[in-house]
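In what follows, a single structure is set out as structure tokens and then discussed.
Only heavy atoms go into these numbers, but all of them, side chains included; no hydrogens, no water, no symmetry mates.
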Amino acid sequence: MKNALPFQLSKDRSFFESLGDWMGDVLYDELPEKGFECRDEQIFMAYQIEKTLKEKNVLFAEAGVGTGKTIAYLLPAISYARYTGKPALIACADETLIEQLVKEAGDIFKLQNYLDIKIDVRLAKSRDQYLCMKRLEEAQKDGDNDFFIEEIEDLIPDFVYGHSSLQKIYPYGERSQFPGVSDTDWQKVNYHPTQQCTVCDLRNRCGQTIHRQNYRESTDLIICSHEFLMEHIWTKESRVREGQMPLLPDVSMIVLDEGHLLEYAAQKALTYEVQSETLIQLLERVMVDGVREKTLHLMEVLQETHDRIFGILRKNSTEEESERMKINKTPELIQMCKQAIRITDDLLEEFVFESELFTIPEYELRMVEEFLEQYAFSLRLFTEKGDGVEWLEIIDGHETLIVMPRLVTDILHEKLFTAKLPIVFSSATLSIEKDFTYIADSLGIEKYQSFSVESPFDYDEVMKIYAHKTSQEDKVKNVDALLENTQQTLILFKSKAAMEQFRSQTAISANIVFEGDRELSTIVKEFQNGDYATLCSYHLWEGLDLPQEALTRVIIYDLPFPLADPLFDAKRSFSNDPFEEVELPFMLLRLQQGIGRLIRTSSDHGEIHLLLNEEEAKLENRFTGILPTTI
């Protein structure tokens, strides 16, 4: 049912004129009466978005920390959704930021209370954020998983196992529902791309399916991650061809919160993964009695060839700073991949005959067939010469070959930015010294509007920035010394490896929590509640919103330059000056985001500590210009 607009329409005023009047009343009068600050920057941003809705174009909205960007885009977004009859889509940088946006006492919560309007907001999370009942059944058979399995089983609703049609059905099974389960254990039971949902006998009781049905009915807002939005865009046409619904419904507009990160989500959504163990395990599941001898032989040969491919990959992969290992594509490796492609094609032909014999259960056969089609396609991309980027990485404990397109500009231009759909990029860091060319070119955006407004905070009064010049080896000692003075502290690392190295060397063992110990949004809540004094993270450079005493110190462990890995190596190789065109802009944008975690409201205060080794200290004059106050 379509919700009523939060203001009255009249015959002599258009929707956009009435929207402008209402936003003025809310931002100048109603919210300040409830204790909100009246911020000219926020009001300017809201009216720029209103103009974008009217003209249906792309807007880069760069607004400093404390502008109130969320409320600035929520007011026009909710109104436009109700006016058009289609929900507005808000895409956040990752799953943790989705939870931040809808948390109690967040901006959506405040607008509902202070403006006395009911906002229909629903979350659309990535598929790996949901429990898979099929994989849970497999994990239940493994006695080593009893501890975390019990926590999950206790929270599964009765209707999942019941057969009564009178039971109330409701969404369940999302990652945040199981806060005590570690990331490693969760990866044993969450959705995996090999699962064949279309032929699953548990489909109608699956938490992911129920969540999908739930958020498609939203009348105001759907909130998802950049990555899930990109997956929707890439798969929309193929899903429709196969008779499936797209992952997301039609929307009236899109807001890309932390929009400077969209390129990385687009690249990730287009990746193809080949895991070392998955093919072996899937083929073993269909090696059942009654399968013809020729089919069994091909499966065995493919398993052997696949093992040899990963043996060659191990010998020809080089570890660098990140988890991504660079691959030397030797003639032997290419030849072995081509052999695996030929065997896979032959095996798929044999499965056509097997399907007519009904020896292999339909669910298992469909799962293996789709996997093998994707497997052959991925290896073809890997063996061809093009603009792809490949690397080896450990994912879910398994070696994984990843193939990714280097550039996504053409696809984004065609599938997203040529549609007459209002799209708003919202972030504190979208430009390099007020120039938006870098982000526009990287995303294939030809026509856009833009603006940039500064933060309203007096940083000289509320923030102190300290630069600690030290050796890389002594950074751990510096942090330990700082933590002797107990206060709510966020330590930001440029990579998981850097964080884990610090964990292994620090003398601090109490009152500290690390990303990955449990589900991240749960860790953030515990930190905000004061359960821990120190939070260590390599993901929370943007979007984290912990006001006042919940966060009073941020330690930047390393300047966040892009890592030495195949993806950034490819970007470097296609630039004239890698440092100036790739590394420095990335570092400056990320550094601004990290520093921006500290001051979120006018009542916030605290310290920023930059740990600079010898090489980083030489670059001090290159980043001091973007700091909100002097060192």
Side-chain angles (χ1 to χ4, degrees), residues 3 70 73-74 77-78 80-82 84-103 106-109 119-132 169-178 186 190-193 195 197-198 203-240 244-259 261-262 264-266 268-270 415-416 419 421-426 519-521 543:
N3 287 337
T70 306
Y73 66 64
L74 282 176
I78 294 166
Y80 194 62
R82 297 185 178 187
T84 60
K86 297 179 181 178
L89 181 73
I90 300 174
C92 301
D94 57 39
E95 305 295 334
T96 305
L97 302 186
I98 292 176
E99 298 285 349
Q100 288 280 310
L101 197 55
V102 298
K103 69 181 182 180
D107 286 333
I108 293 175
F109 180 85
I119 301 174
D120 184 8
V121 54
R122 310 191 189 192
L123 305 186
K125 295 189 175 183
S126 298
R127 292 192 276 183
D128 63 2
Q129 294 294 305
Y130 295 103
L131 177 70
C132 173
I169 305 297
Y170 55 87
Y172 77 96
E174 58 186 303
R175 174 68 177 99
S176 58
Q177 187 182 355
F178 311 104
W186 175 252
N190 66 339
Y191 167 83
H192 190 276
Q195 303 307 116
C197 300
T198 56
R203 177 177 175 79
N204 293 330
R205 289 173 282 157
C206 169
Q208 181 179 171
T209 300
I210 296 170
H211 272 278
R212 296 275 175 267
Q213 294 167 343
N214 179 63
Y215 71 66
R216 286 191 178 104
E217 298 171 358
S218 175
T219 56
D220 289 335
L221 302 174
I222 296 175
I223 304 178
C224 70
S225 66
H226 290 178
E227 187 177 334
F228 189 62
L229 170 60
M230 292 298 100
E231 184 180 1
H232 159 72
I233 290 172
W234 304 153
T235 63
K236 182 178 180 180
E237 293 178 1
S238 63
R239 289 178 68 87
V240 171
Q244 301 180 60
M245 295 181 69
L247 294 176
L248 291 166
D250 289 339
V251 296
S252 56
M253 66 173 295
I254 297 175
V255 176
L256 297 164
D257 207 331
E258 306 296 350
L261 296 173
L262 183 67
Y264 306 105
K268 186 174 181 181
L270 273 176
K415 295 184 178 294
L416 183 60
L421 184 71
I423 298 176
V424 178
F425 286 77
S426 172
E519 191 268 331
L520 188 52
S521 65

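The local environment of CD in E237 is sparse, with at most 12 non-hydrogen atoms from other residues, nucleotides or ligands closer than 6.0 Å. The environment of NZ in K236 is sparse: at most 12 heavy-atom neighbours from other residues, nucleotides or ligands sit within 6.0 Å.
Between atom CG of residue L131 and atom CD of residue E174 there is a gap of 11.0 Å, rounded to the nearest 0.5 Å. From D107, atom CG reaches atom OH of Y73 across 8.0 Å, with rounding to the nearest 0.5 Å. Atom CG of L248 is separated from atom CZ of R216 by 8.0 Å, given to the nearest 0.5 angstrom. Atom CD1 of I233 and atom CG of L247 lie 11.0 Å apart (nearest 0.5 Å). Distance check: L416 CG to L262 CG gives 7.5 Å after rounding to the nearest 0.5 Å. To the nearest 0.5 Å, the span separating CD1 on I98 from OG on S126 amounts to 6.5 Å.
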- Message: What verdict does the side-chain contact (heavy atoms from CB on, under 4.5 Å) test give for L229 and L256, after you've listed the backbone C-alpha separation in whole Å, the side-chain angles of each residue and the deciding distance to 0.1 Å?
- Response: CA-CA 10 Å; L229 170 60; L256 297 164; 3.7 Å; yes

- Between L221 and I108, is a side-chain contact (heavy atoms from CB on, under 4.5 Å) present by the stated rule, with each step listed? CA-CA 10 Å; L221 302 174; I108 293 175; 4.2 Å; yes

- Item | side chain to side chain donor-acceptor pair (under 3.5 Å) between S176 and S521, worked out | CA-CA 7 Å; S176 58; S521 65; 5.3 Å; no

- For I223 and Y215, run side-chain contact (heavy atoms from CB on, under 4.5 Å): C-alpha distance rounded to whole Å, both residues' side-chain angles, the deciding distance at 0.1 Å, then the answer. CA-CA 9 Å; I223 304 178; Y215 71 66; over 6 Å; no

- Message: Assess the residue pair M230 and K268 against the criterion (side-chain contact (heavy atoms from CB on, under 4.5 Å)); give the C-alpha distance rounded to whole Å, side-chain angles, the decisive distance to 0.1 Å, and a yes or no.
- Response: CA-CA 9 Å; M230 292 298 100; K268 186 174 181 181; over 6 Å; no

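Among all heavy-atom pairs drawn from R127 and Y191, the shortest one is O-CB, 3.1 Å. In terms of heavy atoms, A81 sits closest to D220 at CB-O, 3.4 Å. Minimum interatomic distance between V424 and M253 (heavy atoms only, all atoms of both residues): CG2-CE, 4.2 Å. Shown here for I222 and A124, the closest heavy-atom pair between the two residues is CG2-CB, 3.8 Å. Residues P422 and S252 come closest through the heavy atom pair CD-O, 3.4 Å. The shortest non-hydrogen separation linking F228 to C224 is CD2-CB, 3.9 Å.
Of the possible donor and acceptor atoms, one in the side chain of R239 sits under 3.5 Å from a partner among the backbone N and O of M245. A distance-only check finds no donor-acceptor pair linking the side chain of W186 to the backbone of Q129 [under 3.5 Å]. The closest donor-acceptor contact from the side chain of R203 to the backbone of T209 lies at 3.5 Å or more, if one exists at all. Remark: side-chain polar atoms of Y172 are paired, donor with acceptor, to backbone N or O of G207 under 3.5 angstrom. Side chain of H226 to main chain of D257: a donor-acceptor pair is present (N/O by atom type, distance under 3.5 Å, no hydrogens or angles).
K125 has its side chain within reach of Y130: a pair of non-hydrogen atoms, C-beta onward, lies under 4.5 Å apart. I90 has its side chain within reach of L74: a pair of non-hydrogen atoms, C-beta onward, lies under 4.5 Å apart.
Tested against L123, the residues N214, L101, V102 include a single side-chain contact (heavy atoms from CB on, under 4.5 Å) partner, V102.
Under 4.0 Å is where a charged nitrogen must lie from a carboxylate oxygen, and between E519 and R175 no such pair does.
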